[in-house]
Amino acid sequence: MNEGGSIADSSLVSVDEPPLCPPSVVAAPSVDANYSRSDLSFRSRLDAEKSGRWSEWKWQIRNRLRSVGALLECFPELRMSAEINEVVARYPMAITPYYASLIQRLDDLDPVFRMSIPQIQELRDPPFLKADPLEEDQDMPVPGLIHRYRDRALVMATTTCAMYCRHCTRKRVAGTRESTLSVPRIRLIHEYLTAHPEIKDVIISGGDPFTMETSALERILEAVRSVPSVELIRIGTRTPVVLPMRITPELTAMLRKYHPIWVNTHFNHPQELTPEASNACTALVDAGIPMGNQSVLLRGVNDDPEVMAQLCRGLLRMRVKPYYLFQCDLVRGVEHFRTPLAKGLEIMEYLRGRVSGLAIPTFVVDTPHGGGKVPLLPNYIVSMSPTHTVLRNYEGMMVQYPEPRYRHETEHAPIACAETPEGVWQIASGRQTAIIPMGGERAVRRARKSRVVSLK
Ligand SMILES: *Cc1c(COP(=O)(O)O)cnc(C)c1O
Ligand code: SF4
């Protein structure tokens, strides 16, 4: 599916210019408590800027670090085991010089290092991890379109990203080959959306759609916008974080033609909140595009309530609304990033009451077996009776909420007590991993699809 013309075609990787090393990095612990760049990397970045091309996004993409060799050339102090080649062979690596310049120390205590530099732990999978735990491939009625919720669909516009996050939930596709939706596939997606007017909200995702040429992305937006029943177009992109120079006036001018457009991005740590990233978000918001942020909760990166509070406040200053905080999915290759669910709840407990309500994301688990997102919150209900509910606030204060003087018109039948374990209890007791109701629209669609597959 390579007709869409991704600019990040692998043929462009070997270029005439020698690979430019990102600004050098101190191997010793950084002294910058506030996540500002170390002087050393800043100086080198300026050197590169003198060459004039640092701020060209295509130059950044062409000069991504794509091999262990390129990595070691740029970070000679880096120590890596030979096994790392196996990691890169299985899960592609790419780091923009810009993003590499945000690394402050060369070990995985550095959040940017941890998110971008391959680790041998990626090969150590417990058996319950899956390549596609959300079963996206089974909710794909046409290639490249995931239809999970009734009113929303997600289009995988490209498999290319500017930087391949080591924690990516789509490790099975991201970067395995860098390609974009072909014109015939865009046509199929257009036909599907037209045949399904219940879809009101289309998410253009990937990969990272902003790695595409503006004209190639526009072909997709045009096709989606021409379906009258589609109200909203959302784009998911990490370029404001890893390639902020991509947000050019040419791009925002194109996007404005397809309003209402929303953009969700993916900041995970305050170290990523640079002036360049801020400019990128400002340019998008000034083009009338509301922005949200979808963080992933990652061990050793942002599994700390105060780091998360700083990140969320920083995002609001850039007019980006923290939208979701995702629990790490059960994806192969990411075990070393996973945190217990309790960590997310601890962070939510810390945020509520301490930071602006606007800064508080919804903590969600994207459930295995394609169950979709489930929000989790600490429990604020202490007790309930038909007349009074007892709530507690973040300080631990307990208050009474008197219920309205409303009477049920009919009595409810008493709850039947089953003799054998049934329902949710089957899961809670570990007998089953899921209960999936049959007969809903989506279940029928899936059954139809698996029938088609089995006929082949
Ligand atoms: C997350 C997701 C959506 C959008 O969900 P929202 O809660 O509306 O942001 C839609 N489709 C798929 C497949 C998703 O994973
Ligand atoms: S930008 Fe998104 S799709 Fe690409 S590697 Fe990162 S998490 Fe995955």
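Every number for a ligand or one of its atoms is a count from 1 in the order of the listing. Everything numeric here is computed off the predicted structure, so don't read it as measured data. Each residue takes its place number in the sequence, starting with 1.
- Note that CZ of Arg150 is 9.0 Å distant from CZ of Arg445, once rounded to the nearest 0.5 Å.
- With ligand atoms numbered from 1 in the order given, ligand 2 contributes 1 (S), 3 (S), 4 (Fe), 5 (S) to contacts under 4.0 Å with heavy atoms of Cys161.
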**Report entry** Derivation of the side chain to side chain contact (heavy atoms under 4.5 Å, CB included) call for Leu154 and Arg148
**Finding:** CA-CA 8 Å; Leu154 187 149; Arg148 168 157 303 154; over 6 Å; no
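- With a cut-off of 2.8 Å, atom 6 (Fe) of ligand 2 has an N, O or S atom of Cys165 in range.
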**Report entry** Worked check of salt bridge (charged side-chain N to carboxylate O under 4.0 Å, His left out) between Glu83 and Arg124
**Finding:** CA-CA 12 Å; Glu83 230 185 323; Arg124 315 267 185 268; 3.2 Å; yes
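- Residue contacts to atom 8 (Fe) of ligand 2: His167 brings no N, O or S atom closer than 2.8 Å.
- Contacts between Ile203 and ligand 1, counted as non-hydrogen atom pairs separated by less than 4.0 Å, involve the side chain only.
- When only interatomic distances are considered, the shortest N/O to N/O separation between Tyr324 and ligand 1 falls below 3.5 Å.
- Close approach to Ile146 involves these atoms of ligand 1, each under 4.0 Å from a residue heavy atom: 13 (C).
- With respect to atom 12 (C) of ligand 1, the closest heavy atom belonging to the protein is Leu154 CD1, 3.9 Å.
- Taking atom 1 (S) of ligand 2 as the reference point, the nearest protein heavy-atom neighbour is Arg238 CB, 3.6 Å.
- For the pair Arg152 and Glu198, the salt-bridge criterion is not met [side-chain N within less than 4.0 Å of a carboxylate O].
- Annotation: atom 11 (N) of ligand 1 to nearest protein heavy atom, Tyr149 CD1, 3.8 Å.
- Within the listing of ligand 1, atoms 5 (O), 6 (P), 7 (O), 8 (O) sit less than 4.0 angstrom from a heavy atom of Arg152.
- Residue-ligand proximity, Tyr323 to ligand 1, at heavy-atom distances under 4.0 Å covers atoms 6 (P), 7 (O), 8 (O), 9 (O).
- Contact annotation for Arg234 and ligand 1: only side-chain heavy atoms (C-beta onward) come within less than 4.0 Å of the ligand.
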Query raised in the report: Could you walk me through whether Met93 and Arg64 pass the side chain to side chain contact (heavy atoms under 4.5 Å, CB included) check?
Result: CA-CA 9 Å; Met93 174 182 87; Arg64 292 179 299 169; over 6 Å; no
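- Ranking protein heavy atoms by distance to atom 8 (Fe) of ligand 2, first place goes to Cys168 SG, 2.3 Å.
- Remark: Leu298 CG to Lys343 NZ distance equals 13.0 Å, nearest 0.5 Å.
- The CG atom of Leu297 sits 16.0 Å away from the OH atom of Tyr324 when rounded to the nearest 0.5 Å.
- Ring to ring, His167 and His266 are close: their centroids are under 6.0 angstrom apart.
- Considering backbone and side-chain N/O of Lys373, one or more are found under 3.5 Å from N/O of ligand 1.
- Every atom of ligand 2 with a heavy atom of His266 under 4.0 Å away is listed here by number and element: 7 (S).
- Once rounded to the nearest 0.5 Å, the distance linking OG1 of Thr96 with CZ of Arg246 reads 14.0 Å.
- Under the 30°/60° scheme for interplanar angles, the aromatic rings of His147 and His196 are found to stand perpendicular.
- Against a heavy-atom cut-off of under 4.0 Å, Met163 is close to the following atoms of ligand 2: 5 (S).
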